[in-house]
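Report on the structure given below.
Not measured: the values here are computed from a predicted model. Naming convention: chains lettered A, B, ... in sequence-line order (proteins, then strands); numbering from 1 in each chain. Values below: every heavy atom of this structure, side chains too, minus hydrogens, waters and symmetry copies.
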Amino acid sequence: MLDIQILRSDIQSVERRLESRGFALDVARFEALEARRKSVQTRTQDLQAKRNAVSKSIGMRKAKGEDASDLLSEVSTLGDELKANEEALGKIQDALQEFLLNIPNLPHESVPYGQSEADNVEVRKWGKPGQFDFEAKDHVEIGERLGGLDFETAAKISGARFSLLKGNLARLHRALSQFMLDLHTSEHGYIETYVPYLVNAESLKGTGQLPKFEEDLFSTSSGYYLIPTAEVPVTNIVRGEILSPDSLPLKYVAHTPCFRSEAGSYGRDVRGMIRQHQFDKVELVQIAHPEKSYSVLEELLGHAEEVLKRLDLPYRVVSLCTRDMGFSAAKTYDIEVWLPAQKTYREISSCSNFESFQARRMQARFKSEGKNELVHTLNGSALAVGRTLVAILENHQLADGSVAVPEVLRPYMGGIEIIKAS
RNA sequence: GGAGAGGUGGCAGAGUGGUCGAAUGUACCUGACUCGAAAUCAGGCGUAGGCGCAAGUCUACCGAGGGUUCGAAUCCCUCCCUCUCCGCCA
């Protein structure tokens with residue numbers, strides 16, 4: 001959520017900056033709501049002040065045993081007008097709140113201007129896409145031949161866009177998340193967390209998924225939502241809190257499943273486990289001092305990249321352009337891993353600085369020289385586990401259809417070096 | 001799931017219709033005393049918002065949301081959460 005003060009003071013520049021990300025700010029509507037708010041609020045508060053003053057006098061007279069009937073008749077005429085004003089004010093404030101909740105974040109000045117994915121700017125590349133002296137197979141074929149990847153049974157159990165892993169591939173999947181958690185806790189200084197996978201609407205509003213993106217979420221009959229990312233429960237740890245400045249930055253890591261209904265994505269990535277209703281992710285979250293958040297973003301990005309380096313997976317980092325960024329982000333880097341079968345880089349991580357956008361929704365603050373100031377929130381996948389599994393199968397495949405296990409994972413795999421068909 | 005007890009400021013804890021944004025204690029900040037610290041004394045010390053150049057002033061907030069009343073922390077309704085006991089369960 002944006003600070004309403006900047007809409008009041010400089011709406012033109014807000015409009016311009018939002019236009020760069022394809023959002024048309026309804027300036028006229030805002031100004032009309034504000035004008036009405038101002039007059040109704042002033043009137044309401046005047047009436048409240050008057051009522052309070054008279055009521056207080058009534059109390060004082062009654063305490064002395066005096067008659068107060070003149071005051072009672074005086075204040076009774078206020079009632080209807082006050083009630084009407086209070087109701088009107090409530091409606092205006094709800095409308096303003098809804099208006100604000102549906103405005104995306106302002107892009108940081110360093111974000112490249114662009115219309116689509118094609119305008120994202122490559123920041124760096126690491127590793128060389130492997131050369132295969134045989135036809136590189138995709139992960140579906142590799143996995144099915146290894147007997148560890150079974151979409152048909154997953155479809156029977158649940159439906160489309162679910163997967164079933166077995167044997168060494170299931171173990172590899174577990175090894176990946178263990179490895180990632182261990183790396184981030186022991187070398188990068190994150191605190192491991194275990195969090196709820198079902199959350200309330202307030203938390204989703206805090207991180208920006210609600211009210212605008214309800215259709216992307218799965219929900220339960222009892223009013224809970226399944227988390228679309230660990231960002232939601234982990235970031236909401238600080239919702240409504242006032243932190244001490246020396247506790248910053250808070251660094252949390254969580255391994256969770258993520259559930260996305262991906263309405264509207266039908267037809268995209270229908271094959272394989274690239275786009276699923278359920279996938280695992282190891283997520284990094286930092287709660288940072290506003291002055292430090294951009295150096296924290298670089299650091300967090302580096303932590304995600306480190307996973308790929310240790311797994312020996314070629315990748316590149318791109319800075320998302322204005323139109324490609326998510327609703328809540330001020331700046332986002334995507335990490336894309338090389339997939340030999342598709343002969344292209346595909347997203348495997350997304351690292352963002354939300355500045356105070358989520359913090360304002362959550363009222364997450366810290367004490368700064370006696371005053372409360374909003375924190376900045378950041379997060380990044382490090383990494384999406386399912387897609388990492390895909391990348392390993394494809395990049396480390398061997399001519400005979402087996403797959404080499406990256407060295408750092410072998411301790412988690414009971415020393416297995418090669419996954420062969422069973 | 002059943003029965004009961006609760007939710008008040010950073011913490012503890014008063015307050016059951018009126019001058020209560022809220023006693024008191026404690027923590028914290030400032031000042032005095034001290035070479036310094038402790039102790040003591042004095043003052044300050046919640047959040048969000050409106051109006052105002054400012055000084056300031058007004059409004060709202062006692063788990064959340066409704067209601068009764070001239071007036072609600074206090075009464076009524078709904079919901080959430082915590083604790084105790086029982087049941088069930090991993």
Side-chain angles (χ1 to χ4, degrees), chain A residues 1-9 11 30-101 194-206 210-211 219-225 233 236-248 250 257 356-375:
Chain A
M1 193 161 75
L2 301 182
D3 184 354
I4 193 167
Q5 301 299 348
I6 90 161
L7 289 175
R8 287 179 183 148
S9 62
I11 197 161
F30 177 76
E31 286 175 344
L33 279 170
E34 258 296 284
R36 251 179 82 56
R37 190 225 93 227
K38 194 165 175 168
S39 72
V40 175
Q41 181 165 4
T42 307
R43 179 71 186 144
T44 304
Q45 292 188 347
D46 283 350
L47 290 168
Q48 284 171 330
K50 194 165 169 190
R51 179 206 59 198
N52 290 347
V54 176
S55 292
K56 206 169 198 174
S57 317
I58 293 171
M60 284 158 78
R61 283 216 203 157
K62 291 214 166 167
K64 289 188 225 153
E66 294 171 9
D67 176 64
S69 52
D70 57 323
L71 293 177
L72 279 170
S73 63
E74 184 188 335
V75 83
S76 66
T77 59
L78 283 180
D80 288 347
E81 194 191 350
L82 181 56
K83 194 168 183 188
N85 271 277
E86 281 175 339
E87 275 169 19
L89 183 60
K91 279 187 189 139
I92 294 165
Q93 278 173 334
D94 287 349
L96 264 174
Q97 183 71 2
E98 198 201 304
F99 185 85
L100 288 173
L101 284 173
Y194 171 79
V195 295
Y197 303 156
L198 290 167
V199 296
N200 57 37
E202 206 46 45
S203 292
L204 287 154
K205 206 171 103 190
L210 288 180
S219 57
T220 71
S221 53
S222 42
Y224 293 116
Y225 293 84
N236 275 281
I237 288 172
V238 298
R239 189 174 87 220
E241 300 293 324
I242 297 174
L243 306 163
S244 87
D246 42 273
S247 68
L248 302 178
L250 288 169
S356 58
F357 188 86
Q358 295 179 325
R360 185 169 294 104
R361 289 169 166 247
M362 293 190 298
Q363 283 299 296
R365 294 160 293 176
F366 68 103
K367 273 263 187 258
S368 169
E369 289 158 12
K371 287 176 69 180
N372 293 326
E373 200 179 333
L374 295 167
V375 295

For [N], give the paired nucleotide (Watson-Crick: N1-N3 plus N6-O4 or O6-N4; G-U: N1-O2 and O6-N3; both under 3.5 Å), or none.
N: B:G31; value: B:C41
N: B:C83; value: B:G4
N: B:G46; value: B:C61
N: B:C53; value: none
N: B:G9; value: none
N: B:C75; value: B:G67
N: B:C20; value: none
N: B:C88; value: none

Return the value, rounded to whole Å, for the distance between atom [atom1] of [X] and atom [atom2] of [N].
X: A:Glu241; N: B:G10; atom1: CD; atom2: C1'; answer: 12 Å
X: A:Leu100; N: B:G49; atom1: CG; atom2: P; answer: 12 Å
X: A:Asn85; N: B:U59; atom1: CG; atom2: P; answer: 15 Å
X: A:Arg61; N: B:G71; atom1: CZ; atom2: P; answer: 17 Å
X: A:Leu47; N: B:C58; atom1: CG; atom2: P; answer: 16 Å
X: A:Gln363; N: B:G46; atom1: CD; atom2: P; answer: 17 Å
X: A:Lys83; N: B:G71; atom1: NZ; atom2: P; answer: 10 Å
X: A:Ile4; N: B:C51; atom1: CD1; atom2: P; answer: 10 Å

Using the [atom1] atom on both, measure [N] against [M] and round to a whole Å.
N: B:G65; M: B:G7; atom1: C1'; result: 16 Å
N: B:U16; M: B:C80; atom1: P; result: 28 Å
N: B:A22; M: B:U47; atom1: P; result: 14 Å
N: B:G66; M: B:C51; atom1: P; result: 23 Å
N: B:A90; M: B:A23; atom1: C1'; result: 48 Å
N: B:G21; M: B:C58; atom1: P; result: 12 Å
N: B:G1; M: B:C88; atom1: P; result: 15 Å
N: B:U19; M: B:G31; atom1: P; result: 36 Å

Considering non-hydrogen atoms only, spot the tightest contact between [X] and [Y] and give its length.
X: A:Ile92; Y: A:Leu33; answer: CG2-O, 3.8 Å
X: A:Asn85; Y: A:Val40; answer: O-CG1, 3.7 Å
X: A:Leu374; Y: A:Phe366; answer: O-CE2, 3.7 Å
X: A:Asn200; Y: A:Ser203; answer: OD1-N, 3.0 Å

Comparing A:Leu72 and A:Lys38 on RNA chain B - which has the more 5′ nearest nucleotide =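 Residue closer to the 5' terminus by nearest nucleotide: A:Lys38.
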Taking for each residue the nucleotide of RNA chain B with the nearest heavy atom, is it A:Glu34 or A:Ile242 whose nucleotide lies nearer the 5' end?
->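 The answer here is A:Ile242.
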Listed nucleotide nearest any side-chain atom of A:Gln48, set B:C70, B:A48, B:U59 |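 The closest nucleotide is B:U59.
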From B:C51, B:U59, B:U47, nucleotide with atom closest to A:Arg365 side chain =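 Within the option list, the nearest is B:U47.
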Whether over 12 other heavy atoms sit under 6.0 Å from [X] [atom1]:
X: A:Glu98; atom1: CD; value: no
X: A:Arg36; atom1: CZ; value: no
X: A:Tyr224; atom1: OH; value: no
X: A:Asp80; atom1: CG; value: no

Under 4.0 Å between any heavy atoms, over every strand shown, what does A:Arg43 touch: base, sugar-phosphate, or nothing? Just pick one.
->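 Counting heavy atoms under 4.0 Å across all strands, no contact is made by A:Arg43.
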Looking for any heavy atom pair under 4.0 Å, which part of the strands does A:Asn52 touch: base, sugar-phosphate only, or nothing?
->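 Result for A:Asn52 = sugar-phosphate.
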May I ask you to decide whether A:Glu34 forms a salt bridge with A:Arg37, counting only side-chain N to carboxylate O separations under 4.0 Å?
->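 A salt bridge links A:Glu34 with A:Arg37.
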A:Arg37 side-chain N/O to B:C51 phosphate OP1/OP2 under 4.0 Å |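 True: A:Arg37 side-chain N/O within range (under 4.0 Å) of B:C51 OP1/OP2.
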So, is A:Arg8 near the phosphate of B:G50, with a side-chain N or O under 4.0 Å from OP1 or OP2?
->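 Yes.
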Can you give one letter per nucleotide of nucleotides 11-23 of chain B, 5' to 3': B if a protein heavy atom sits under 4.0 Å from the base, S if only from the sugar-phosphate, - if neither?
-> -------BB----
Quick one: pull up CE in A:Met60 and NZ in A:Lys62 and give me the separation to the nearest 0.5 Å.
->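 NZ of A:Lys62 is found 14.5 Å from CE of A:Met60.
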